[in-house]
Amino acid sequence: MDGRLIGILIDSFWKILLPGLTATIPLTIISFSIAMVIAVIVALIQFANIRLLKQLCRFYIWVIRGTPLLVQLFVVFYGLPRVGVIIDPFPAAVIVFSINEGAYSAEVVRAALEAVPAGQIEAGYCVGMNYLQIMWHIVLPQAMRIAFPPLSNSLIAMVKDTSLAANITVVEMFMETQRIVARTWEPLALYIEVGLIYLLFCTVLTKLQSFGEKRMRTYGK
Amino acid sequence: MENNAMLEVRGLKKRFGDLEVLKGVDLTVHQGDVVAILGPSGSGKTTFLRCLNFLETADEGTLVFDGETFHLGKVPRRDVARLRKKTAFVFQNYNLFLNKTALQNVMLGLQVARKVPKGRAEARAKAALDKVGLADRYNYYPHQLSGGQQQRVAIARALATEPEIIYFDEPTSALDPELIGEVLAVMRQLAREGMTMLVVTHELHFAREVSSQVIFMEAGQVLESGAAEAFFRDPKEARTRAFLRTISGREAGEIDPKKE
């Protein structure tokens, strides 16, 4: 490895990390937070079996899971301006990632809600609580613990999926790397470098996940 | 004793699909009664008890509770909630809230369901736990407690809400034999203090000693019922006699169910 390449790698490390901190991470955190709100609401509607809304939820999950994330990004960013809806790259990415992740996570949360023993709900009714009180104090806390590992999985996946936002001109880590490659013509070293930065981010999240799981182990197994 | 019944059930019917589980069950309970419901597995005892607290919806029948009449097939949700606040239910497998400590388990029904202020709810919850002998287990989670302790927390949870009647659904059936005694002791004490109880059980000794009234169910019907003393001394129906013989034989150790 010559001095020039090492110089490029060191120089580019900070140039790539910066959009990581200003784009990749905020995009992930904001989108995932909104996705969680969507997921819990959509899962609760299905769990509570609210007729019409439930069908609407199934339709939403069907469409989102059945179409590519990249296509969804293109429809919102390149397609909607055709009907006069023009959204900036970053908010467009937030919208698509939230809605997309919301659909997948809703299924995770629904499965977790159904994994809570029915006796917990019956006991809640028998001490006089109503449905919402039982959900809030008993079922949701237990379900969130069950859902935590698979949701952590989704969060880690999303960090990497945000690289797709480069396609709708969001300057995140991958877009920045492509630009540097175009200037320096060192594709192998630079793409490996950006890969390692993603790996670094995901390592932190993996650590956070095991910390979180330990914290939640106050009861049961 | 008052003349008016506290709880009166007439003609309760329930079917699951093609199977008619309850074929018209009647029951009268006065304040302070301890009623034991006996009968073989599948006779509908548990379903009957669950219908009374609306964990199952009966198809037909009437319920009179505190002088108010309800048509069991169609009780408005608001009345269901109101009735449940006057009653308590103890489950076979405890059903303690897994994410809550013993104390929180007992407090929830007060603080959340009845809006009792935190301080008073906590005092009442502690008193209930003390009463069932768990003063040293306030902050234990269910998985840290033995089956017998969990069931006693469940009884404390029932007591704390000061119900007019407690329904017990085979409260000792899930327990190891050496833990049954501690739960029965608590129930015996409640009976002595005049708590109205409706107990589905297989514990004949307990039923004989504690209950004031017994009903024997088979195939979704009440086959025989009456004052406990007379029921055990001189059961009228042949089926009842056979059942009592089988169960008491097992209790005396003549038949070990595990070796059957």
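Convention: sequence-line order gives letters A, B, ...; per-chain numbering from 1.
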K.L.:
Below 4.5 Å, heavy-atom pairs only: which of B:F97, B:Y167, B:Y141 has the largest tally toward chain A?
P.N.:
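Greatest number of close heavy-atom pairs with chain A: B:F97.
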K.L.:
Whether the A:E193 and A:S12 side chains hold a donor-acceptor pair (N or O, under 3.5 Å, no angle test) is what I'd like checked.
P.N.:
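Indeed, the side chains of A:E193 and A:S12 share at least one donor-acceptor pair under 3.5 Å.
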K.L.:
Sort B:K100 into side chain, backbone, both or neither according to what part of it lies under 4.5 angstrom from a heavy atom of chain A.
P.N.:
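When you check distances to chain A, only side chain atoms of B:K100 fall under 4.5 Å.
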K.L.:
Is it the case that B:R84 places NZ or CZ above or below the six-membered ring of A:Y125, under 6.0 angstrom from the centre and within 45 degrees of the axis?
P.N.:
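Pair B:R84/A:Y125 counts as cation-pi.
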K.L.:
Hey, are B:E60 and B:R15 close enough for a salt bridge, meaning a charged N less than 4.0 Å from a carboxylate O?
P.N.:
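Here B:E60 does not pair with B:R15 in a salt bridge, since their nearest N and O are not under 4.0 Å apart.
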K.L.:
Which residues pass the side chain to side chain contact (heavy atoms under 4.5 Å, CB included) test with B:K118, not counting sequence neighbours?
P.N.:
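B:K118: side chain to side chain contact (heavy atoms under 4.5 Å, CB included) contacts with B:M107, B:Q111, B:E122.
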K.L.:
Would you mind writing out the side-chain donor-acceptor pairs for residues 155-163 of chain A within the sub-3.5 Å range, not counting sequence neighbours?
P.N.:
| residue | atom | partner | partner atom | Å |
| --- | --- | --- | --- | --- |
| A:T162 | OG1 | A:V159 | O | 2.6 |
| A:S163 | OG | A:K160 | O | 2.7 |

K.L.:
With chain A as the partner, which of B:T101, B:N105, B:L110, B:L96 has the greatest number of non-hydrogen pairs under 4.5 Å?
P.N.:
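Option with the greatest count: B:L96.
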K.L.:
For the ring pair B:F91 and B:F89, is the centre-to-centre distance below 6.0 Å?
P.N.:
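Between B:F91 and B:F89, the centre distance is under 6.0 Å.
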K.L.:
Where on B:R77 is there a heavy atom nearer than 4.5 Å to chain A: the side chain, the backbone, both, or neither?
P.N.:
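Neither; nothing under 4.5 Å.
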K.L.:
Regarding B:N99 and A:Q142, is there a side-chain donor-to-acceptor distance under 3.5 Å anywhere?
P.N.:
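On atom types as modelled, these side chains qualify, holding a pair under 3.5 Å.
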K.L.:
Find the one option among B:Q144, B:R82, B:R157 whose heavy-atom pairs under 4.5 Å with chain A are most numerous.
P.N.:
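The residue among B:Q144, B:R82, B:R157 with the greatest pair count is B:R157.
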K.L.:
Chain A contacts: which residues in residues 38-59 of chain B have a non-hydrogen atom closer than 4.5 Å to it?
P.N.:
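Under the 4.5 Å heavy-atom cut-off, B:R50, B:N53, B:L55 qualify.
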K.L.:
Just jot down the side chain to side chain contact (heavy atoms under 4.5 Å, CB included) partners of A:P91, sequence neighbours excluded, or say none.
P.N.:
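Checked A:P91 against side chain to side chain contact (heavy atoms under 4.5 Å, CB included); matches are A:I87, A:D88.
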